Amino acid sequence: MMNDRTRRGFLADVGRGALVATLGSGTAFDLGLAHARTDEGGSRERLLFGDREALVELMQETPVDRLVPVLVEKIRAGAELRDLVAAAALANARTFGGEDYVGFHTMMALAPAFHMSRDLPEDRRALPVLKVLYRNTARIGEFGGPSKEVLHPVEPCDSSTGRAGAEALRDAMRAKDMDRAEATFASLVRGGPDEAFNDLLPTVQDNTEVHRTVLPYRAWDLLGLIGPDHAHTLLRQSVRYCVKSEREWKHTAEMDRPREILPRLMDQYKLPTASPGRREADDAWVDQMARTIFEATPEQAAEMAAAALAEGMAPAAIGEAISMAANQLVLRDPGRTASQAQPNKPVGSVHGDSIGVHACDSANAWRNMALASNPRNAAACLILGAFQVALDRDQRGGDFKNRTPNPRPEDMEAVRSVEPSKILGDLRSAIRGNDQARACALVQWLGESEADPKAAFDLLLGYAVSEDGALHAEKFYRTAREEFAVTRPAFRWRQVVALARVTASEYGRPAPGYAEAVELLKV
């Protein structure tokens with residue numbers, strides 16, 4: 001096991017043949033940083049992943065119609081789900097590099113699927129993982145497999161320019177220079193994963209588009225499963241996403257507002273403060289802050305978060321209010337109109353890339369990145385988290401401010417006669433009938449009946465595993481579960497109500513590969 005100092009020394013010499021010769025190819029490959037053969041086109045060197053390489057190649061090269069039987073046999077032979085998820089993440093990163101819509105959504109579902117597996121009975125734990133691995137390999141095949149790999153080894157640049165690492169990376173992104181951005185980030189990884197993550201975040205913070213926000217958090221979350229030595233491979237996907245976005249977006253003052261608002265507020269409120277605030281918030285403060293963020297303009301919401309930080313409010317309380325404001329977008333969503341409907345996302349649906357699901361996943365990402373980063377980035381993440389909720393509310397239309405959130409009073413009145421012991425059965429029926437309003441009311445009734453929340457989550461988890469969810473089922477289930485755990489008792493059942501609504505919306509569209517996995521696992 002390398003200590004931190006040795007690892008930093010190794011990362012400083014990424015890609016250098018002399019070091020590989022000194023350590024031996026096996027050690028270098030095991031760190032996921034060495035390369036020894038060209039890609040199938042013969043023109044570029046290929047990233048290799050040492051002891052994980054065989055599994056990584058299996059994820060990339062197995063015909064998708066053979067994948068589930070192969071993986072089930074490996075599981076029966078003792079393969080750990082953690083190792084399968086790690087191999088899939090590396091195969092995904094190497095193939096897509098954060099540049100394919102289905103590809104990066106699949107990467108973002110891998111850690112949630114693994115976490116979901118731990119909440120299931122032993123004989124069913126493989127199901128959410130197999131579901132996402134099937135999606136991963138299917139998309140890799142559609143994309144072109146190994147011959148189309150996006151990520152290749154990259155040489156670190158000379159970092160002696162005098163610019164701070166975060167500024168140099170952001171400058172390269174704004175210049176739309178992919179090669180310079182990649183080389184700059186490769187040099188930043190020399191300082192270790194934590195420093196590289198913190199150097200990456202100012203580039204991410206140039207815009208609050210949902211995928212730009214969630215991608216680095218989900219990559220960071222995966223490091224807990226894969227190991228910090230693969231931080232470069234996983235986090236450079238965000239570098240590439242940001243540069244590609246910079247090239248493709250039509251830049252307007254509206255689009256680039258975070259670039260003006262964030263530094264102005266950080267300067268105005270003298271953030272970050274000397275130490276994180278410790279003022280505890282009561283229920284009334286969090287509720288009022290959430291309501292105000294939800295109703296404010298994006299600029300006002302950002303300033304409220306900055307002011308609260310400057311006043312010494314605990315960051316966790318501010319993050320909780322941001323999450324509760326985002327939750328309202330799920331509860332008040334009018335559903336897709338005829339012009340917004342797509343295959344697997346019909347009129348009235350709120351699953352998949354709905355504004356509420358996106359807003360909640362983004363708020364969750366900002367909160368978690370704030371916890372994992374330095375004081376400057378923690379403050380920036382909370383300011384931008386508040387900004388994004390208000391911006392999301394305005395972007396989809398639907399007059400969210402004046403809509404009554406689910407569950408509506410008439411829907412609550414209709415379920416209060418249901419005996420507590422029968423609520424779960426009725427909830428299952430509501431989900432299978434795509435009755436979003438009744439599902440919301442039944443879950444609220446469960447909360448008011450002081451039911452065990454685990455029973456509700458267990459029921460909803462089953463559908464998060466079996467249904468396709470239009471690329472978002474795993475992430476949103478994980479978001480709701482995490483936010484429930486850190487939201488105070490007075491408000492936390494709102495997270496379960498939102499999950500029930502999305503679950504009722506997505507039911508009836510089984511995930512590809514799921515039925516085969518159920519059959520082979522005999523569950």
Side-chain angles (χ1 to χ4, degrees), residues 52 54-77 79-96 98 100-121 123-146 148-149 218 221-222 225-226 343-345 351-353 461-478 503 506-523:
R52 296 191 190 274
L55 267 182
V56 173
E57 290 190 354
L58 182 148
M59 299 295 177
Q60 285 183 282
E61 300 174 9
T62 303
V64 72
D65 61 353
R66 288 288 306 140
L67 182 72
V68 175
V70 168
L71 293 179
V72 168
E73 285 304 311
K74 285 195 167 292
I75 292 169
R76 286 174 176 157
E80 297 288 341
L81 294 180
R82 179 186 298 268
D83 292 330
L84 298 181
V85 168
L90 295 173
N92 182 294
R94 184 163 72 182
T95 303
F96 305 117
D100 179 74
Y101 182 85
V102 176
F104 62 67
H105 273 89
T106 302
M107 185 281 288
M108 293 189 288
L110 284 165
F114 178 78
H115 293 308
M116 289 161 64
S117 73
R118 296 188 295 179
D119 290 334
L120 288 166
D123 62 343
R124 302 183 68 86
R125 285 182 181 169
L127 287 174
V129 171
L130 290 173
K131 169 192 177 182
V132 179
L133 298 189
Y134 183 98
R135 183 192 307 160
N136 193 50
T137 294
R139 186 58 182 172
I140 288 172
E142 293 167 354
F143 190 76
K148 299 293 185 180
E149 288 174 358
R218 292 301 175 186
D221 192 27
L222 273 168
L225 305 179
I226 300 175
N344 288 333
K345 293 179 280 189
H351 65 278
D353 59 344
L461 173 58
Y463 296 114
V465 175
S466 67
E467 304 309 294
D468 177 67
L471 301 177
H472 291 74
E474 300 80 24
K475 283 195 288 86
F476 189 67
Y477 178 86
R478 181 65 179 165
T503 304
E506 71 193 7
Y507 179 78
R509 301 160 191 89
Y514 174 78
E516 183 181 18
V518 168
E519 180 180 357
L520 291 173
L521 291 171
K522 303 185 187 317
V523 294

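If you're wondering where the values come from, they're calculated on a predicted model, not measured in any experiment.
For the ring pair (Phe, Tyr, Trp, His ring centres under 6.0 Å) test, residues two or more places apart in sequence or in another chain that qualify with His105 are Tyr101, His211, His472. With sequence neighbours excluded, the residues satisfying ring pair (Phe, Tyr, Trp, His ring centres under 6.0 Å) with Tyr463 are Tyr507. A search for ring pair (Phe, Tyr, Trp, His ring centres under 6.0 Å) contacts involving His351 returns nothing, not counting sequence neighbours.
In terms of heavy atoms, Gly469 sits closest to Glu506 at CA-OE1, 3.5 Å. Smallest separation of non-hydrogen atoms from Asp221 and Ala111: OD2-CB, 3.5 Å. Nearest approach of Ala511 to Lys131, heavy atoms of both residues: CB-CE, 3.6 Å. When all heavy atoms of Ala464 and Ala473 are compared, the closest pair comes out as O-CB, 3.8 Å. Here the closest heavy-atom approach between residue Ala87 and residue Leu55 is recorded as CB-CB, 3.5 Å. Of all the heavy atoms in Asp353 and Lys345, the pair that sits closest is OD1-NZ, 3.0 Å.
Checked by atom type and distance alone, the side chain of Arg125 never pairs as donor or acceptor with a backbone atom of Leu81 at under 3.5 Å. Between the side chain of Asn136 and the backbone N or O of Ala89 there is no donor-acceptor pair closer than 3.5 Å. Checking side-chain atoms of Ser117 against main-chain N and O of Ala126 turns up no donor-acceptor pair under 3.5 Å.
Atoms CZ and CE, on Arg52 and Met59 in that order, are 11.0 Å from each other to the nearest 0.5 Å. The line from CG of Leu133 to CG of Asn92 is 10.5 Å long, rounded to the nearest 0.5 Å. In this structure, the separation between CZ on Phe104 and CG on Leu471 is 9.5 Å, given to the nearest 0.5 Å. Atoms NZ and CG, from Lys74 and Leu84 in turn, are 8.5 Å apart once rounded to the nearest 0.5 Å. Between the CD atom in Glu467 and the CG atom in Asn344 there is a gap of 10.5 Å [rounded to 0.5 Å]. Interatomic distance, CD of Glu61 versus CG of Leu67, reported as 12.5 Å (0.5 Å rounding).
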Arg124 vs Val465, side chain to side chain contact (heavy atoms under 4.5 Å, CB included): CA-CA, chis, key distance, verdict
CA-CA 10 Å; Arg124 302 183 68 86; Val465 175; over 6 Å; no
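Using a 4.5 Å cut-off on side-chain heavy atoms (C-beta onward), Arg218 and Leu222 make no contact. For the pair Leu520 and Leu130, the minimum side-chain heavy-atom distance is 4.5 Å or more. Looking only at side-chain heavy atoms (C-beta outward), Leu461 and Leu120 come within less than 4.5 Å of each other. Between Val132 and Val85 there is no side-chain heavy-atom pair separated by less than 4.5 Å. Here the side chains of Tyr477 and Met116 are in contact, with some heavy-atom distance below 4.5 Å. Looking at Leu110 and Leu225, their side chains never come closer than 4.5 Å, going by heavy atoms from C-beta outward. Val102 is listed as a side-chain neighbour of Thr106, based on a closest heavy-atom distance under 4.5 Å.
Remark: of the listed residues Gln60, Arg139, Lys148, Gln60 is the sole one forming a side-chain hydrogen bond (donor to acceptor under 3.5 Å, both in side chains) with Thr95. The residue from Val64, Leu71, Asp65 that alone fulfils the side chain to side chain contact (heavy atoms under 4.5 Å, CB included) condition with Tyr134 is Val64.
Taking 4.0 Å as the cut-off between side-chain N and carboxylate O, Glu474 and Arg135 count as a salt-bridged pair. In this structure, Lys522 does not pair ionically with Asp123, as no charged nitrogen and carboxylate oxygen lie closer than 4.0 Å.
With a 6.0 Å radius and a threshold of 12 heavy atoms from other residues, nucleotides or ligands, Glu519 has its CD atom at or below the threshold.
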